[in-house]
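This structure is a prediction, so every number in the text was calculated from the model and none was measured.
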Amino acid sequence: TRSMSPPERDAALAAYAEVWRTAYPGVDFARAFALSTKVDLAYQMVTFEQIYRAQEDASYWERRGVVALYLRRLREHFS
């Protein structure tokens with residue numbers, strides 16, 4: 001949804017959330033969606049860190065700095 005215009009994004013999220021709101025009427029989906037961007041960044045950071053550790057020594061240069069990049073992005077979301 002990042003590349004969508006605000007009205008398109010709102011319509012897509014409303015359609016997506018409708019099914020979940022029906023199944024779980026007591027859940028605050030607006031809050032869940034707001035937190036999802038932060039959780040997504042944390043998940044990506046942990047995933048890339050694990051990929052980085054699993055690489056051959058000669059390949060470290062390819063992903064050097066990715067974890068630091070996600071840490072900066074995560075900090076920006078909480079600032």
Looking at residues at least two apart in the chain, or sitting in another chain, which of them share a ring-ring contact (aromatic ring centres under 6.0 Å, His included) with Tyr43?
none
Checking Asp10 now: which residues fulfil side-chain hydrogen bond (donor to acceptor under 3.5 Å, both in side chains) with it, not counting sequence neighbours?
none
By salt bridge (charged side-chain N to carboxylate O under 4.0 Å, His left out), which residues pair with Glu49, not counting sequence neighbours?
Arg53
With salt bridge (Lys or Arg N to Asp or Glu O under 4.0 Å) as the rule and sequence neighbours excluded, what pairs involving residues 33-48 come up?
Arg2-Asp40
Closest non-hydrogen atom pair between Trp20 and Tyr16, with its separation:
CD1-O, 3.3 Å
Return the set of residues passing side chain to side chain contact (heavy atoms under 4.5 Å, CB included) with Ala32 (not counting sequence neighbours), or none when no residue passes.
none
Show me the side-chain donor-acceptor pairs of residues 23-31 shorter than 3.5 Å, one per line, residues at least two apart or across chains.
from  : atom 1 : to    : atom 2 : distance (Å)
Asp28 : OD1    : Ala30 : N      : 3.3
Asp28 : OD1    : Arg31 : N      : 3.2

Report the C-alpha distance between Leu69 and Arg73 in whole Å, list the side-chain angles of each, state the deciding distance to 0.1 Å, and finish with yes or no for side-chain contact (heavy atoms from CB on, under 4.5 Å).
CA-CA 6 Å; Leu69 170 71; Arg73 287 182 181 172; 3.9 Å; yes
For Met4 versus Arg9, what's the shortest heavy-atom pair and its separation?
O-NH1, 3.4 Å
